[in-house]
Amino acid sequence: MDQRTAASATLLSPTPAPPALRTVAVVGLGTLGAGLAEALVRSGRRVVGVDVDPAAAGRALAASAGLTGPGRLTTHAELTAAAEADLVVEAVPEDFSLKRAVLKDLDDVVRPTAVLATTTDALPVTRLAAETARPGRVVGLHFFHPVRAMRLVEVVSSVLTAPEALAAVAALVTDLGKEPLPAGDRPGLVADGLLFGYLNQAAAMYESRYATREDIDAAMRLGCGLPMGPLALLDLIGLDTARAVLDALHHRTGHRPYAPAPILGQLVEAGMTGRKAGRGFYTYRAPHDGAAVPDELTPTGGARLGEPRQVAAVGVVGSGTMAAGIAEVFAGAGLPVTLVGRDAGRAATARDRIAGSLERRVRKGRITAAERDAALARVRPAGSLAALAGADLVIEAVAEELTVKRRLFAALDATCRPGAVLATTTSSLPVIACARATSRPADVVGMHFFNPAPAMRLVEVVRTVLTGGAAHATAHAVCAAIGRHPVDCRDRAGFVVNALLFPYLNDAVRMVEEHYATPAAIDTAMRLGAGYPMGPFELLDVVGLDVALAIQRTLHREFGEPTHEPAGLLSQLVAAGWLGRKSGRGFHSYGSAG
């Protein structure tokens, strides 16, 4: 049984929901509670909503008003309304005292056979259960935002949980059309243990003014294929909820990345708690409205320093996948490209790779045969840097080694015409070190493309302290010309995407090291619970474990953060030659290398 099959086997596979859970009470009708109530009504259940806020109750009723079928929702202000419920789910704010009080009060209201569920993902389910008179019938049910769209529910058991109670709630989850994933009573469970560290780091990145909110969110959506950027997701979750979850995680683990970024507390204290308040990191058309509107922080597009230079001819240095992909992008946009390899043979091979890629795009109907031929005709392979003498923009995509890049930039300085912009595609090395290898550091900029370059729309534009306004403006203008979205970054290891992505991947590896969950189970949690296109171990295998290790080491050196130290298991797998898809085995096994 491989790890993917094992993941399916670890998912709870209950029988259809027993009649005993046909009436469900939801205590707390905020964003999560209202979404849960709606899902339960859709499943045909009788739902009793309890909330002291009439406005929250009204929104929950409005959400379920148009639903047809046997399910129905009634709302009440008192817990006594839950007396006949077979299952009561508390969805009140993430505060231990509040949740404990609700569960203890329910002891005096519901029948002895009723099951109580808590939606916490950060507080100890075992302690909450122990405080009640029915610890065996208390479970955790962790739903994800938005409830209607997210397919995963983490079903949390403690050492006190009765098997029949666990089976009953797992059956309900399945009946809702969702996947129940078993989780132990661990801070953050599986998905949020990984997700909230990443969200908190994004908030801190914005707070440090490293990048705009729009650039951070665009970088993670376009660079990683995520459904939402981290700051927009925090607004959806609720900044008060996020801060409470992080506080609880930090208190239970002492893990520094969980210490809430100060900006979260500042926004909450100002009443700017996200979508539900109409204002958080972004401003919304109205409270509870998902449409963001311009505000005083919205970029106006007038922050460029200098005028862009004309780019009529492009040079690309390198013969690997990235170099070929970048050359294909520019050629496809109508610009002549000189593709320089270490020798003429390597350059010709890189051009053949472009031809193959263009042909695949024709077969998929993305371009016409005429467009293929025109793009390929614009690519001229060369075996010497001398061929770049007339280029207006030269982009290097050679090995990720500083010595190699510095040597190349010194050679480009001697070869390229005055005024040409020189760009590096490095993802982790200091751009300033490349710039200082030339006599024209004002003309050097970072342009970090993502693999595969023809498909990925993001380019991180990296401006050093010496980069001139003209070079910076040229990089932005070129991105517009080739249909790519530029985000501005300072010259810091990892820029935006890798600085947020790889610590998250490293934390996932640590979770496996601690034997909390398998790689396949964690992949399932992040795909179904967070809406990620790939789980962390699927992604690590695609990126290459050796590449991931090198980037993580760079981040650790730059920031000195102990939690950035590469996970031991990652180093061990690289030492064993398990590098992912390219070696046929990484965290998952593949039929063949490549």
Rounded to the nearest 0.5 Å, how far apart are CG of Asp121 and CZ of Phe143?
13.0 Å
Test item: Leu36 and Val47 side chains (from C-beta on) under 4.5 Å apart, heavy atoms:
no
Do the charged groups of Lys178 and Glu154 touch, with an N to O distance under 4.0 Å?
no
Does the side chain of Glu78 come under 3.5 Å of the side chain of Thr80 through a donor N or O and an acceptor N or O?
no
Show your working on side-chain contact (heavy atoms from CB on, under 4.5 Å) between Thr31 and His145 and close with a plain yes or no.
CA-CA 8 Å; Thr31 303; His145 292 280; 3.9 Å; yes
Before giving the answer on side-chain contact (heavy atoms from CB on, under 4.5 Å), spell out for Val173 and Val169 the whole-Å C-alpha distance, their side-chain angles and the decisive distance to 0.1 Å.
CA-CA 6 Å; Val173 168; Val169 296; 5.5 Å; no
Restricting to non-hydrogen atoms, name the atom on Arg484 and the atom on Ala455 that form the minimum distance, rounded to 0.1 Å.
NH2-N, 4.5 Å
Shortest non-hydrogen pair, Val52 vs Ala77, comes out as CG1-O, 3.8 Å
May I ask you to decide whether Arg127 forms a salt bridge with Asp185, counting only side-chain N to carboxylate O separations under 4.0 Å?
no
Distance-only side-chain donor-acceptor flag, Arg463 / His472, under 3.5 Å
yes
Interatomic distance, Lys99 atom NZ to Glu131 atom CD [nearest 0.5 angstrom]:
14.5 Å
Would Thr74 and His76 count as a side chain to side chain donor-acceptor pair (under 3.5 Å) here? Give the steps.
CA-CA 7 Å; Thr74 59; His76 309 266; 3.0 Å; yes
Which distance, rounded to the nearest 0.5 Å, do you find between the CG of Leu103 and the CD of Glu90?
5.5 Å
Electrostatic pair Asp86:Arg111 at N-O distance under 4.0 angstrom
yes
Let's go through Thr298 and Arg213 carefully: what are the C-alpha distance in whole Å and the side-chain angles of both, what is the deciding distance for side chain to side chain donor-acceptor pair (under 3.5 Å) to 0.1 Å, and is it a yes or a no?
CA-CA 9 Å; Thr298 302; Arg213 60 190 180 181; 3.2 Å; yes
Side chains of Phe144 and Asp192, heavy atoms from C-beta outward: is any pair under 4.5 Å?
yes
NZ/NE/NH1/NH2 to OD/OE distance under 4.0 Å, Asp235 and Arg279
no
Are any side-chain N or O atoms of Asp51 and backbone N or O atoms of Ala56, one a donor and one an acceptor, separated by less than 3.5 Å?
no
Point-to-point distance, once rounded to the nearest 0.5 Å, from CG of Asp95 to OG1 of Thr241:
11.5 Å
Between Tyr282 and Tyr284, how do the two ring planes meet: parallel, tilted or perpendicular, split at 30° and 60°?
perpendicular
When rounded to the nearest 0.5 angstrom, what is the spacing between CG in Leu505 and CE in Met526?
10.0 Å
Minimum heavy-atom separation for Leu246 and Pro260, please, with both atom names.
CB-CG, 3.7 Å
Please check if the distance between the ring centroids of Tyr258 and Phe196 is under 6.0 Å.
no
Tell me whether Glu558 is salt-bridged to Arg492, with the criterion being a basic N under 4.0 Å from an acidic carboxylate O.
no
When you measure from the side chain of Glu513 to the backbone of Leu569, do you find a donor-acceptor pair of N or O atoms at a distance under 3.5 Å?
yes
Side chain to side chain, Val497 and Cys224, heavy atoms closer than 4.5 Å:
yes
Please evaluate residues Arg45 and Ser43 with respect to the criterion side chain to side chain donor-acceptor pair (under 3.5 Å), reporting the C-alpha separation (whole Å), side-chain torsions for both, the decisive distance (0.1 Å), and the verdict.
CA-CA 6 Å; Arg45 286 172 170 78; Ser43 73; 2.8 Å; yes
Looking only at non-hydrogen atoms, find the nearest pair between His485 and Ala218 and report the distance.
NE2-CB, 3.6 Å
Please round to the nearest 0.5 Å and tell me the distance separating atom CG of Leu87 and atom CG of Leu21.
5.5 Å
Within the 4.5 Å heavy-atom criterion, are Asp289 and Arg275 side-chain neighbours or not?
no
Less than 4.5 Å apart, side chain to side chain, heavy atoms only: is that true for Pro536 and Ile522?
yes
Return yes if some donor-acceptor pair links the side-chain N/O of Asp523 with the main-chain N/O of Phe537 below 3.5 Å, else return no.
yes
Would you call the rings of Tyr198 and Tyr532 parallel, tilted or perpendicular, where under 30° means parallel and over 60° means perpendicular?
perpendicular
Does the side chain of Gln552 come within less than 4.5 Å of His564's, by heavy atoms?
yes
Going by distance alone, is a donor N or O of one side chain under 3.5 Å from an acceptor N or O of the other, for Thr120 and Glu94?
yes
Hydrogens and angles aside, do Glu84 and Thr23 bring a side-chain donor and acceptor to less than 3.5 Å of each other?
no
Short side-chain donor-acceptor distance under 3.5 Å, His476 and Asp488
yes
Heavy-atom distance under 4.5 Å between the side chains of Glu214 and Pro299, does that happen here?
yes
Side chain Arg137, main chain Thr113, donor-acceptor under 3.5 Å
yes
For Phe281, run the side chain to side chain contact (heavy atoms under 4.5 Å, CB included) check against Leu233, Leu264, Leu297 and tell me which one passes.
Leu264
Determine whether a donor-acceptor pair (N or O, by modelled atom type, separation under 3.5 Å) exists between the side chain of Arg490 and the backbone of Arg209.
yes
Under 4.0 Å between a Lys/Arg side-chain N and an Asp/Glu carboxylate O for Arg510 and Glu514?
no
Quick one: are Thr524 and Glu179 in side-chain contact, heavy atoms under 4.5 Å?
no
